[in-house]
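Everything below concerns the one structure shown next.
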Amino acid sequence: MDHFGFRDGVLHAEDVPLPAIAAAVGTPVYVYSAATLRRHARVFKAALSGLPRVHLAYAIKANPNLAVLRLMANEGYGADVVSAGEMKRALAAGMAASAIVFSGVGKTEGELAAALDAGIGQFNLELEEEGEVLARLAVTRGMRAPAVLRVNPDVDAGTHAKISTGRKQNKFGVPIDQAPAMYARLAALPGLDLRGVALHIGSQLADLAPLEAAFGRIGELVRALRGAGHRVERVDLGGGLGVPYRADDVLPTPADYGAMVARATAGWDVELQFEPGRVIAGNAGVLLTRVIWVKPGPENVEGVHPYVIVDAAMNDLARPALYDAWHDFIAVEPTSARMVANIAGPVCESGDTFAMGRDIDAVRNGDLAVFRTAGAYGATMASTYNSRALVPEVLVDGDRYAVVADRVSPEALIAAERVPEWL
Ligand code: PLP
């Protein structure tokens with residue numbers, strides 16, 4: 001459930017009419033609902049409340065805006081980060097270093113050192129050499145780095161290939177059959193405090209069965225490691241729970257997920273960690289855009305439709321171009337009229353197309369509309385391709401709102417570039 005809805009025929013974010021934001025901030029602009037973010041954070045937490053020991057680390061890659069991070073910190077969440085930049089954001093938003101988990105398949109030595117110096121709570125190791133480097137860096141600082149070993153369980157998550165991470169051909173984690181020997185070697189390093197294992201098999205999972213299968217494999221691994229005399233105190237179960245992108249999508253709920261986790265992990269006697277991203281932020285945001293043109297197609301050609309050219313583009317919302325992702329498109333002040341159209345942005349690529357042959361609210365030049373479910377993997381993937389401004393972000397909370405990320409103008413981008421004097 002989210003807090004975007006119609007009042008007197010006008011789409012609102014909570015109590016704020018979207019035309020008011022468009023008038024004040026311009027378009028395109030991401031609009032987030034604080035009430036929705038809080039609700040998702042609480043529903044997810046409540047779904048896991050029956051488990052004995054839980055640490056929640058919001059996967060900030062989904063939406064790393066500082067205001068969103070502050071809100072999540074206020075809800076008692078730590079952060080899952082995958083770069084020094086994300087770590088800096090989590091710290092800047094007020095998250096405790098000890099509540100931050102550092103994931104990521106390519107952490108540099110500089111990033112590992114910075115995270116050690118910051119006092120990060122957990123390193124999720126992706127390969128044995130990374131553990132050796134981390135141990136060496138920790139020894140030189142007189143520390144023992146808290147770490148878990150990320151395991152690749154070789155389970156097909158049944159999601160889009162580009163967001164599937166738990167098959168043996170994916171770059172993530174160490175092969176599960178090699179994990180026991182690697183764990184033994186890493187546990188023996190004086191600079192490492194190896195506390196357990198981690199996994200994350202993919203994102204936008206619409207079915208819990210692959211997760212349950214993966215958790216089953218991790219359970220066997222935990223038993224094997226303990227059988228070999230190792231200490232296993234933590235298991236990081238990653239993120240991945242999918243969200244409905246279409247009104248009629250039926251997805252497992254956080255409660256379904258919590259029940260499955262309780263079943264799959266019964267008797268593990270560990271602290272369970274979770275890294276939810278999309279399920280928190282996805283439906284808490286929309287991308288507000290204005291129709292520039294409705295461009296008629298060739299007449300009387302079967303299957304050819306007009307193009308609705310909006311002022312948002314693939315550089316603002318990359319998911320359709322990257323993953324053929326679906327985002328519902330609805331008018332901010334719809335009439336009852338409908339049209340079948342293609343929806344595209346101004347970028348000079350045919351891939352800058354949000355939908356083809358879609359039945360949508362009828363729109364005209366100048367109308368406002370939104371792409372729904374854009375709160376996760378939206379603004380954070382934005383670029384300035386075609387020298388377009390970097391898209392701004394707004395957070396609504398009840399009847400107030402704030403610009404929480406400025407539109408970064410082409411002038412500002414140009415100011416960061418140099419023409420060498422020898423040209
Ligand atoms: N944890 C890790 C290691 C990830 O790579 C990701 C994203 O792919 C997540 C958590 C968050 O996934 P999601 O947004 O699907 O919950």
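Order of appearance sets the numbers: ligands from 1, and atoms from 1 within every ligand.
When only non-hydrogen protein atoms are considered, atom 2 (C) of ligand 1 lies nearest to Glu275 OE1, 3.4 Å. Atom 4 (C) of ligand 1 has its closest protein heavy atom at Lys61 NZ, 3.1 Å. Closest to atom 14 (O) of ligand 1, if we only count protein heavy atoms, is Tyr377 OH, 2.6 Å.
Each side chain to side chain donor-acceptor pair (under 3.5 Å) pair with one or both residues in residues 201-217, not counting sequence neighbours, appears once here: Ser203-Arg278, Glu212-Arg263. Identified under the ring-ring contact (aromatic ring centres under 6.0 Å, His included) test for residues 196-255, with sequence neighbours left out: Tyr183-His230, Tyr245-His327.
Taking the six-membered ring for Trp and thresholds of 30 and 60 degrees, Phe274 and Tyr257 have ring planes more than 60 degrees apart, a perpendicular arrangement.
Considering backbone and side-chain N/O atoms, Gly240 comes within less than 3.5 Å of an N/O atom of ligand 1. Note: an N/O pair closer than 3.5 Å links Gly277 and ligand 1 by distance alone.
Side-chain contact of Asn124 with Gln122: a donor-acceptor pair under 3.5 Å is present, judged by distance alone. Inspection of the Glu349 and Tyr385 side chains reveals an N or O donor paired with an N or O acceptor under 3.5 Å.
For ligand 1, the atoms lying closer than 4.0 Å to a non-hydrogen atom of Gly239 are 10 (C), 16 (O). For ligand 1 and Ser203, the ligand atoms under 4.0 Å from any heavy atom of the residue are 12 (O), 13 (P), 14 (O), 15 (O). For ligand 1, the atoms sitting less than 4.0 Å from at least one non-hydrogen atom of Asp80 are 1 (N), 2 (C), 10 (C), numbered in the order shown with element in parentheses. Heavy-atom contacts of Ala59 reach the following atoms of ligand 1: 9 (C), 10 (C), 11 (C) (cutoff under 4.0 Å).
Across the listed options Arg150, His200, Arg278, His200 owns the non-hydrogen atom lying nearest to atom 9 (C) of ligand 1.
For the atom pair CG of Asp361 and CD1 of Ile330, the computed distance is 7.0 Å after rounding to the nearest 0.5 Å.
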Just do the salt bridge (Lys or Arg N to Asp or Glu O under 4.0 Å) check on Asp236 and Arg234 with the steps written out, would you? CA-CA 6 Å; Asp236 184 338; Arg234 296 180 182 179; over 6 Å; no
